[in-house]
Q: 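Take a look at this one; I'll ask things after.
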Amino acid sequence: MNSIYCPKYELMIQRLGRVRRRLGLRQVDVADLLGKHQSYVSKVENCERRLDIAELAHFLEVYGISSGEIYGD
């Protein structure tokens, strides 16, 4: 699937946002840790921008989690 709106992708992004909130991080905090603008994190969490695998790895590193936490493994 090449749509950023496929159900599995949306679920993964929702879980990523939940982890951020659970950690008590604001979008701007994550953006600073990633070296990006807050709008980057917002666009990712709103499915306006699709993450590639390397970008996802950066989010996982910042959150200190494994991929299983967002994939539901």
Side-chain angles (χ1 to χ4, degrees):
M1 297 197 125
N2 58 4
S3 170
I4 66 171
Y5 300 108
C6 73
K8 286 184 180 182
Y9 182 81
E10 286 184 2
L11 181 59
M12 180 192 74
I13 294 301
Q14 288 171 4
R15 288 177 176 164
L16 205 56
R18 275 188 241 138
V19 169
R20 174 184 60 78
R21 290 186 296 278
R22 186 183 76 219
L23 294 172
L25 295 170
R26 300 170 301 159
Q27 288 181 347
V28 70
D29 300 324
V30 175
D32 288 343
L33 292 167
L34 292 171
K36 303 281 188 179
H37 294 283
Q38 179 274 331
S39 61
Y40 167 80
V41 179
S42 176
K43 287 179 181 180
V44 167
E45 288 188 1
N46 289 310
C47 289
E48 295 173 18
R49 185 188 190 293
R50 190 176 182 102
L51 285 178
D52 69 24
I53 193 72
E55 292 168 326
L56 175 59
H58 287 141
F59 273 88
L60 297 176
E61 184 178 321
V62 164
Y63 294 162
I65 62 171
S66 70
S67 60
E69 256 190 89
I70 60 163
Y71 294 135
D73 295 347

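Quantities reported herein were computed from a predicted structural model and do not represent experimental measurements.
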Q: Has Q38 got more than 12 heavy atoms of other residues, nucleotides or ligands less than 6.0 Å from its CD?
A: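 Yes, because the 6.0 Å sphere around CD of Q38 holds more than 12 heavy atoms from other groups.
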Q: So, taking the atom named CZ in R50 and the one named SG in C6, what distance separates them when rounded to the nearest 0.5 Å?
A: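 Reported value, rounded in 0.5 Å steps: 5.5 Å.
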Q: Is there a path of hydrophobic side-chain contacts, each under 4.5 Å between heavy atoms of I, L, V, M, F, W or Y residues, that connects L51 with L23?
A: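 Yes, L51 connects to L23 through the hydrophobic network.
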Q: Would K36 and K43 satisfy side chain to side chain contact (heavy atoms under 4.5 Å, CB included), going step by step from the backbone distance to the final call?
A: CA-CA 12 Å; K36 303 281 188 179; K43 287 179 181 180; over 6 Å; no
Q: Give a yes or no on whether Y71 and V62 share a hydrophobic cluster (residues Ile, Leu, Val, Met, Phe, Trp, Tyr; joining criterion: side-chain heavy atoms under 4.5 Å apart).
A: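 Looking at the clustering, V62 is in the same group as Y71.
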Q: Of D32, V41, V19, V30, which meets side-chain contact (heavy atoms from CB on, under 4.5 Å) against L25?
A: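 Result: among D32, V41, V19, V30, V30 is the only option passing the side-chain contact (heavy atoms from CB on, under 4.5 Å) with L25.
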Q: Give, for atom CD of E61 and atom CG of L33, the distance between the pair rounded to the nearest 0.5 Å.
A: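 So the CD of E61 and the CG of L33 are separated by 10.0 Å.
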Q: Name the one of R18, R20, R15, R26 that satisfies salt bridge (Lys or Arg N to Asp or Glu O under 4.0 Å) with E45?
A: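 Testing E45 for a salt bridge (Lys or Arg N to Asp or Glu O under 4.0 Å) against R18, R20, R15, R26 leaves exactly one candidate, R20.
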Q: Restricting to non-hydrogen atoms, name the atom on I65 and the atom on I70 that form the minimum distance, rounded to 0.1 Å.
A: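 In this case the closest contact between I65 and I70 is CD1-CG2, 3.9 Å.
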Q: Shortest non-hydrogen contact from C47 to E10?
A: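 For C47 versus E10, the nearest heavy atoms are SG-CG, 4.0 Å.
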Q: First locate atom CG of L16, then atom CG of L11, and finally report the distance between them rounded to the nearest 0.5 Å.
A: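 CG of L11 is found 11.0 Å from CG of L16.
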Q: Would you mind reporting whether E55 and V44 have side-chain heavy atoms less than 4.5 Å apart?
A: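 They are not in contact (no side-chain heavy atoms under 4.5 Å apart), so the answer is no.
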Q: Between D52 (side chain only) and A54 (backbone N and O only), is there a donor and an acceptor less than 3.5 Å apart?
A: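 Yes, because the side chain of D52 sits within donor-acceptor range (under 3.5 Å) of the backbone of A54.
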Q: From R21 CZ over to Q27 CD, what is the distance, rounded to the nearest 0.5 angstrom?
A: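 Output value for this atom pair is 9.0 Å.
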